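Comments concern the structure below.
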Amino acid sequence: MPRRSTLSIATFNVNGIRSRLPHLITWLREEKPDIACLQELKSVDQGFPRSDLEAEGYHARWVGQASWNGVAVLVRGEESSEVRRVLPGDPSDSHARYLEVDALGLRVVCIYLPNGNPQPGPKFDYKLKWFDRFNRHAKKLFALDTPVVMAGDYNVVPTDFDIYNPRSWLKDALLQPESRERYAKLLKMGWVDAIRELYPEEQIYTFWDYFRQHWERDAGLRIDHLLLNEAAAKRLKEGGVDRWVRGLPKPSDHAPTWVKLKHVAMAKKPAKKSAK
DNA sequence: ATGGCTGGTTTTACCAGA
C-alpha cells in the first residue's frame, strides 16, 4: 500500500461510467485520489469496468442499476469494507443512490441525491423524502468518533452565491427553499461543507450544463459537496475542483471535487514505556 | 414559455438529467 501523509477524497458525477471511462482513467492517473466517489454510473452491476479500474490500482465497490443512477467508491491500493448499500428508512426505494464504506481509516458515504425536477410533482416529493431519510441517517453518522466524509451529487445549490445567476433557475428543484432547508439542516447538525469552509468568499462551481455554452461562459452551479463530521473537519487541509476534466472533449457535465485530510493513523504503535 | 445538449435504451424516438 502506498504511504500517505494526506488522504484525498474526491466526488465525481461521471454521467455514464462506460462512456466516461477514458476520462475517468485520465483523471485518476493525473490526480491520484486515494478515494473517489462516483455517481450516475448508468450501468447494471455486470457492466461496471472493474478490471479496467483494478489495472489502474483501484479497488471498487458499486451499486448499479439499468439506465440511471448508480454509485461507486474507488480506493487506491486497498479494499474498502462495505457498511451498507441502501439508505435506511424505505424498503420500497429501489434507486441505486447510496453506498457507505469504511476505507483507509475513514467512513465514506457516497450519495446521488435525487434531482427532483420537475417541481412540484412526484419527483420533487421523492427528493424531499429521500433528503429527510438521509438527514436522519446523517445525524447518527455525525456522532461517530471516526472521521466521516459524506460526498456526492447533492443536487442542491445551497445559496444564491453558489450559482452564476439564479434568475433562470428559480423554478428548478435545485434552488427550492425546501431543498435548501434540508441542506442547511445538515450544516446545523455540525457537518462542515468543506469547499465553502476553505473558500468562504469565492464562487466555486462543480457543474456546468451542456446548454448555451455555459462551460465556455463559466456559468456554473455548486452542487457536488463533501460534508465532514468533526473528526474529519479537524483534519481538513485543502480542497478544490478539477475543472480541467470538464474542459476535456465530450466531458461529464460535472467536474471532480475533492478534499485532502491529514492522514489518519491506521494503527496505533504500542505506547513506549516511560523511562522513569 | 421554450429549448438548447448528452447518455442510455425501448435506438432514428423516447426518457431523464440539472
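In what follows, chains are A, B, ... by sequence order, proteins preceding strands, each numbered from 1. If you're wondering where the values come from, they're calculated on a predicted model, not measured in any experiment.
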Handout entry: Any A/Arg212 side-chain N or O less than 4.0 Å from OP1/OP2 of B/dG3
Key = no
Handout entry: Spacing between A/Phe211 atom CZ and B/dG4 atom P, to the nearest angstrom
Key = 9 Å
Problem - Rounded P spacing from B/dT10 to B/dC5 in Å - result: 25 Å
Handout entry: Distance (rounded to the nearest 0.5 Å) between A/Thr6 OG1 and A/Lys237 NZ
Key = 7.5 Å
Practice task
Just jot down the salt bridge (Lys or Arg N to Asp or Glu O under 4.0 Å) partners of A/Glu79, sequence neighbours excluded, or say none.
Solution key: none
Fill in the blank from the handout: A/Arg61 meets the salt bridge (Lys or Arg N to Asp or Glu O under 4.0 Å) criterion, sequence neighbours left out, with none
Fill in the blank from the handout: Those residues at least two apart in sequence (or on a different chain) that pass salt bridge (Lys or Arg N to Asp or Glu O under 4.0 Å) with A/Asp102 are A/Arg107
Problem - With sequence neighbours excluded, residues passing ring pair (Phe, Tyr, Trp, His ring centres under 6.0 Å) with A/Tyr183 - result: A/Tyr154, A/His225
Exercise for the section: Please collect all ring pair (Phe, Tyr, Trp, His ring centres under 6.0 Å) contacts where either partner lies in residues 237-259 of chain A, sequence neighbours excluded, each pair once. Expected result: A/Phe207-A/His254
Exercise for the section: Calculate the interatomic distance between A/Asp209 atom CG and B/dT6 atom P; express it in whole Å. Expected result: 11 Å
Handout entry: Atom CZ of A/Arg167 with >12 non-hydrogen neighbours under 6.0 angstrom
Key = no
Practice task
Grab the OH-P distance between A/Tyr210 and B/dG8 for me, whole Å please.
Solution key: 10 Å
Exercise for the section: Check which hydrophobic residues are tied to A/Phe124 through side-chain heavy-atom contacts below 4.5 Å, counting indirect links as well, and list them. Expected result: A/Leu128
Practice task
For B/dA18, take OP1 and OP2 only and decide whether either is under 4.0 Å from a side-chain N or O of A/His214.
Solution key: no
Handout entry: Between A/Tyr98 and A/Asp93, a side-chain donor and acceptor under 3.5 Å
Key = no
Handout entry: Heavy-atom protein contacts under 4.0 Å, nucleotides 9-15 of chain B, coded B base, S sugar-phosphate only, - none
Key = S------
Completion exercise
Heavy-atom nearest nucleotide on DNA chain B taken for A/Leu41 and for A/Ile223; more 5' hit belongs to A/Leu41
Practice task
Taking side chain to side chain donor-acceptor pair (under 3.5 Å) as the test, write out the residues that go with A/Asn117, two or more places apart.
Solution key: A/Asn115, A/Asp172
Fill in the blank from the handout: note: A/Lys250, atom NZ; B/dG8, atom C1'; distance rounded to Å ~ 13 Å
Problem - Residues forming a salt bridge (Lys or Arg N to Asp or Glu O under 4.0 Å) with A/Arg85, sequence neighbours excluded - result: A/Glu82
Handout entry: Gap in Å between the two C1' atoms, one belonging to B/dA1 and one to B/dT12, rounded
Key = 28 Å
Practice task
With sequence neighbours excluded, tell me which residues meet side chain to side chain donor-acceptor pair (under 3.5 Å) with A/Arg212.
Solution key: none
Fill in the blank from the handout: Atom CG of A/Leu24 and atom C1' of B/dG7 are separated, to the nearest Å, by 16 Å
Exercise for the section: Give the rounded distance in Å between these two atoms: CG of A/Asn13 and P of B/dA16. Expected result: 17 Å
Problem - OP1 or OP2 of B/dA18 under 4.0 Å from side-chain N/O of A/Tyr112 - result: yes
Exercise for the section: Give the rounded distance in Å between these two atoms: NE2 of A/His95 and C1' of B/dG17. Expected result: 13 Å
Practice task
Ignoring hydrogens and angles, state whether a donor on the side chain of A/Trp68 or A/Tyr112 is under 3.5 Å from an acceptor on the partner side chain.
Solution key: no
Problem - Close residues, residues 149-180 of chain A, relative to DNA chain B [heavy-atom separation under 4.0 Å] - result: A/Asp153, A/Asn155, A/Leu174
Exercise for the section: Rounded off to whole Å, could you give me the CZ-to-P distance for the A/Arg246 and B/dT6 pair? Expected result: 9 Å
Practice task
For A/Ile17 and for A/Asn69, find the nucleotide of DNA chain B with the closest heavy atom, then tell me which residue's nucleotide is more 5'.
Solution key: A/Ile17
Exercise for the section: Examine B/dC5: is either OP1 or OP2 under 4.0 Å from a nitrogen or oxygen in the side chain of A/Asn15? Give yes or no. Expected result: no
Fill in the blank from the handout: Per the under-4.0 Å heavy-atom filter, residues of residues 126-135 of chain A near DNA chain B come out as none
Exercise for the section: Sticking with atom P, work out how far B/dG8 lies from B/dA18, rounded to a whole angstrom. Expected result: 14 Å
Handout entry: Pairwise P distance, B/dT2 and B/dT6 [rounded to whole Å]
Key = 22 Å
